[in-house]
Amino acid sequence: MLYDWIKALHVISIIAWMAGLLYLPRLFVYHCQVQAGSEASETFKVMERRLLRAIMNPAMIAAYVFGIAMIALTPEWMKQGWLHAKLLFVLLLTASHMMMARWRRDFAEDRNTRPQRFFRIANEVPTLLMIGIVIFVIVKPF
């Protein structure tokens with residue numbers, strides 16, 4: 001029963017984390033459309049900071065904590081290829097998160113030089129990684 005609770009909390013954490021990973025680059029797309037220093041730009045800065053610090057960071061940490069707890073309860077998973085592939089994609093998702101945090105700082109300091117198109121493409125990366133993770137966990141292809 002403990003495992004089921006941990007798994008439920010892990011899934012909840014992942015949903016919150018993914019929501020932020022999908023929404024933050026979209027905010028960046030819209031932020032690119034406004035003048036630096038404008039009232040709209042300042043509003044985007046607040047939204048981006050709160051999304052990252054109040055939702056994405058805690059959700060990522062919780063996802064890691066509950067994921068590690070599940071592995072600790074089922075150590076035989078460490079011998080299975082699907083888990084190694086999933087963990088690689090989770091590391092790539094974390095790298096994506098960290099890059100978004102850097103981009104947010106650039107916007108916060110009015111130093112963004114990237115165009116909207118860059119953020120539109122960056123918005124697809126978490127989706128592709130999530131698809132891979134779900135396939136590895138559900139289908140367990142190896």
Side-chain angles (χ1 to χ4, degrees), residues 1-36 38 40-142:
M1 180 132 156
L2 174 64
Y3 174 84
D4 290 336
W5 278 104
I6 293 171
K7 185 161 98 174
L9 293 170
H10 181 67
V11 170
I12 292 165
S13 302
I14 293 298
I15 290 169
W17 188 24
M18 286 305 305
L21 287 169
L22 297 173
Y23 187 47
L24 189 57
R26 180 56 49 191
L27 286 176
F28 295 155
V29 168
Y30 298 137
H31 199 159
C32 285
Q33 298 173 1
V34 301
Q35 183 69 32
S38 67
S41 178
E42 296 306 311
T43 299
F44 279 117
K45 290 176 187 180
V46 170
M47 293 170 66
E48 292 158 359
R49 185 186 76 246
R50 287 181 180 168
L51 178 61
L52 184 69
R53 291 186 180 169
I55 296 173
M56 292 172 64
N57 288 344
M60 179 185 68
I61 292 166
Y64 267 90
V65 167
F66 296 124
I68 291 167
M70 286 193 307
I71 291 170
L73 291 173
T74 53
E76 64 274 8
W77 284 359
M78 288 306 295
K79 298 176 186 169
Q80 299 180 17
W82 67 267
L83 180 64
H84 296 186
K86 177 203 173 183
L87 293 176
L88 172 63
F89 275 43
V90 168
L91 290 176
L92 293 172
L93 204 58
T94 303
S96 177
H97 178 116
M98 298 305 172
M99 288 181 355
M100 288 182 200
R102 183 180 333 147
W103 300 334
R104 189 209 60 84
R105 275 192 307 275
D106 288 345
F107 275 109
E109 297 170 2
D110 293 324
R111 291 186 297 125
N112 176 57
T113 58
R114 293 175 180 84
Q116 293 177 32
R117 182 163 168 68
F118 174 85
F119 295 112
R120 289 181 192 279
I121 294 168
N123 195 37
E124 303 306 322
V125 172
T127 302
L128 296 173
L129 293 169
M130 176 194 61
I131 290 168
I133 290 168
V134 170
I135 289 171
F136 293 135
V137 171
I138 302 299
V139 179
K140 295 181 176 71
F142 45 89

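For Tyr30 and Phe119, the distance between ring centers is not under 6.0 angstrom. Between Phe44 and Phe107, the distance from one ring center to the other does not fall under 6.0 angstrom.
Residues Leu83 and Ile71 have side chains in contact (heavy-atom distance under 4.5 Å, counting atoms from C-beta outward). The closest side-chain heavy-atom distance from Pro25 to Arg120 is not below 4.5 Å. The closest side-chain heavy-atom distance from Glu48 to Leu52 is not below 4.5 Å.
Considering all non-hydrogen atoms of both residues, Ile6 and Ala69 come closest at CG2-CB, 3.9 Å. Closest of all the heavy-atom pairs between Gln116 and Val29 is CG-O, 3.6 Å.
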| message | Using the rule given for side-chain contact (heavy atoms from CB on, under 4.5 Å), can you reason through Met130 versus Leu93, listing the C-alpha separation, both sets of side-chain angles and the distance that settles it, and then say yes or no? | response | CA-CA 8 Å; Met130 176 194 61; Leu93 204 58; 5.7 Å; no
Apply side-chain contact (heavy atoms from CB on, under 4.5 Å) to residues His31 and Arg26 and explain how you reach the verdict.
CA-CA 9 Å; His31 199 159; Arg26 180 56 49 191; over 6 Å; no
query = side-chain contact (heavy atoms from CB on, under 4.5 Å) between Tyr23 and Phe28: does it pass, once the steps are laid out?
reply = CA-CA 9 Å; Tyr23 187 47; Phe28 295 155; over 6 Å; no
task = Test side-chain contact (heavy atoms from CB on, under 4.5 Å) on Ser41 and Gln35 and set out the steps.
result = CA-CA 7 Å; Ser41 178; Gln35 183 69 32; over 6 Å; no
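A donor-acceptor distance shorter than 3.5 angstrom exists from the side chain of His84 to the backbone of Met78, with no hydrogens or angles considered. A distance-only check finds a donor-acceptor pair linking the side chain of Thr94 to the backbone of Val90 [under 3.5 Å]. A donor-acceptor pair is defined here as one N or O able to donate and one able to accept, closer than 3.5 Å; no such pair exists between the side chain of Ser38 and the backbone of Val34.
Between Asp4 atom CG and Leu9 atom CG the span is 11.0 Å, to the nearest 0.5 Å. Rounding to the nearest 0.5 angstrom, the gap separating the CZ atom in Arg104 from the CE atom in Met47 is 13.5 Å. For the atom pair Arg49 CZ and Leu27 CG, the distance stands at 13.0 Å (nearest 0.5 Å). Rounded to the nearest 0.5 Å, atoms NE2 (His97) and CZ (Arg102) are 12.5 Å apart. How far CZ of Arg114 is from SG of Cys32: 10.0 Å, rounded to the nearest 0.5 Å. Taking CH2 from Trp17 and CD1 from Ile61, the interatomic distance works out to 10.5 Å, rounded to the nearest 0.5 Å.
Among residue pairs with one or both ends in residues 61-81, those qualifying as ring-ring contact (aromatic ring centres under 6.0 Å, His included) are Trp77-Trp82; sequence neighbours excluded.
Dense packing is recorded around NZ of Lys45, with more than 12 heavy atoms of other residues, nucleotides or ligands lying under 6.0 Å away.
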Exercise answer: donor-acceptor pairs, residues 133-142 side-chain atoms, under 3.5 Å, sequence neighbours excluded:
residue : atom : partner : partner atom : Å
Lys140  : NZ   : Val137  : O            : 2.9

